[in-house]
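Here is how names work: the chains are called A, B, and so on, in the same order as the sequence lines, proteins then strands, and each is numbered from 1.
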Amino acid sequence: MPELPEVETVRRGLAGTVTGYTVSDVEVFDKRSLKRNIGSTSSFKKELVGSKLEKFERRGKFLWIPLGGNLCLVAHLGMSGQILVRTPDYPQDKCERIKITVSRGKSSLEVRFIDQRLFGGMLVDELVDQGSKGKVPQSAEHIAIDPLDENFEIEDIALKISKRSAGIKSLLLNQEILSGIGNIYADETLWLTKVHYLTPGNTFTRKRIRQVIETAKEVLIKAVAQGGTSFDEQYKNVNGESGYFSNSLNAYGQTGLPCPRCGTPIRREAWSNRGSHFCPRCQKPKS
DNA sequence: AGGGTAACCTGTATGC
DNA sequence: TGCATACAGGTTACCC
């Protein structure tokens with residue numbers, strides 16, 4: 001469940017189900033889900049077993065759980081990752097790659113990492129102190145502050161974007177400028193602000209850029225409140241429930257459907273190995 | 001340095 | 001039914 005709202009939904013789901021639980025066992029069914037883990041599979045297990053889960057942190061699309069000392073368990077869901085909390089009697093899930101059994105008293109639960117495409121993964125990582133920005137895993141050191149972070153400063157981001165010649169969509173997706181936005185929320189933000197996705201960052205007024213970033217933040221907040229976006233069996237919260245933001249989509253995945261503002265069919269264009277959805281009438285390129 | 005593209009993977013839907 | 005193609009919510013390495 002890739003973008004910030006989906007990852008935040010998972011984070012909250014974990015906090016609500018397994019806080020205070022201690023890891024009692026770890027099973028790795030597919031080592032490819034550990035490809036970013038520096039150590040061996042057995043050291044991955046060893047670091048986890050015995051750790052009590054107290055905090056569930058997130059920056060952008062990175063999720064992590066402190067393990068005590070300087071270590072943490074990092075999860076990135078990639079393009080198709082899910083984390084589900086199941087009771088041990090629940091049948092094995094399709095594409096289940098890692099199973100972390102946790103217990104508290106007589107209660108036992110399984111935290112299952114599920115990932116069809118294997119772009120995501122888990123790793124045990126070291127925490128790095130970033131001063132006022134707090135501690136983050138080494139693997140997320142380069143990830144910029146996200147719009148839901150209290151340290152997020154719109155003006156700083158606006159300044160950065162206003163100096164770049166790349167298209168606005170690629171800048172919004174750049175996790176080193178601001179994090180958490182993916183293809184859905186980029187397309188939705190650009191539709192709401194009537195901006196064409198290829199508009200170069202350095203052709204905006206600062207006021208206009210601030211509007212775009214402010215809108216992105218509002219979209220993310222609204223999506224979090226609705227539990228993220230679910231289209232199919234993927235991208236669910238830890239209980240397997242769908243999010244409702246798909247009902248609020250105006251552009252993403254709406255190819256051929258009328259623009260909710262002007263009725264012109266939404267267009268999808270192939271862009272950068274993926275798709276970009278927009279209204280050709282409301283979101284004309286500046287010429 | 002910054003911008004663009006290919007590569008990493010599996011699974012599902014669609015068309016012939 | 002079989003086969004080919006297109007498409008999917010991300011990140012990174014590598015070119016220019």
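- Asp115(A) comes within contact range of no nucleotide atom at all, as no heavy-atom separation falls under 4.0 Å.
- Salt-bridge formation is not detected for the pair Glu57(A)/Lys55(A): no Lys NZ or Arg NE/NH1/NH2 atom is positioned less than 4.0 Å from an Asp or Glu carboxylate oxygen.
- Paired regions of DNA chain C, where each region holds three or more successive Watson-Crick or G-U pairs whose two hydrogen-bonding distances fall under 3.5 Å, are B:2-8 with C:10-16, B:10-16 with C:2-8.
- Identified under the ring-ring contact (aromatic ring centres under 6.0 Å, His included) test for residues 15-67 of chain A, with sequence neighbours left out: Phe62(A)-His76(A).
- Partner of Asp146(A) under the salt bridge (Lys or Arg N to Asp or Glu O under 4.0 Å) criterion, out of Lys217(A), Arg59(A), Arg58(A), Lys133(A): Arg58(A) alone.
- When heavy atoms are screened at a 4.0 angstrom cut-off, Lys94(A) is found touching the sugar-phosphate backbone but no base atom.
- Closest-nucleotide positions on DNA chain C for Ile143(A) and Tyr185(A) were compared, and the one nearer the 5' end corresponds to Tyr185(A).
- Put simply, CH2 on Trp271(A) is 15 Å from P on dC7(C), counting in whole angstrom units.
- Using bins of under 30°, 30° to 60° and over 60° for the plane-to-plane angle, the ring pair Trp271(A)/Tyr197(A) lands in the perpendicular bin.
- The aromatic ring of Phe119(A) sits over the base of dC8(B), with ring centres less than 5.5 Å apart and planes inclined by under 30°.
- Residue Arg32(A) is in sugar-phosphate contact alone, with no base atom involved, counting any heavy-atom pair closer than 4.0 Å across all strands shown.
- One P atom belongs to dC9(B), the other to dC14(C), and the distance between them is 14 Å to the nearest Å.
- Cluster annotation: Ile184(A) and Leu190(A) are assigned to the same hydrophobic cluster (Ile/Leu/Val/Met/Phe/Trp/Tyr, side-chain heavy-atom contacts under 4.5 Å, transitive).
- No side-chain donor-acceptor contact under 3.5 Å links Arg86(A) to the backbone of Gln92(A).
- Looking at heavy-atom distances under 4.0 Å, Leu118(A) makes contact with sugar-phosphate atoms alone, never a base.
- Close to dT10(B), at under 4.0 Å from its OP1 or OP2, lies no side-chain N or O of Ser80(A).
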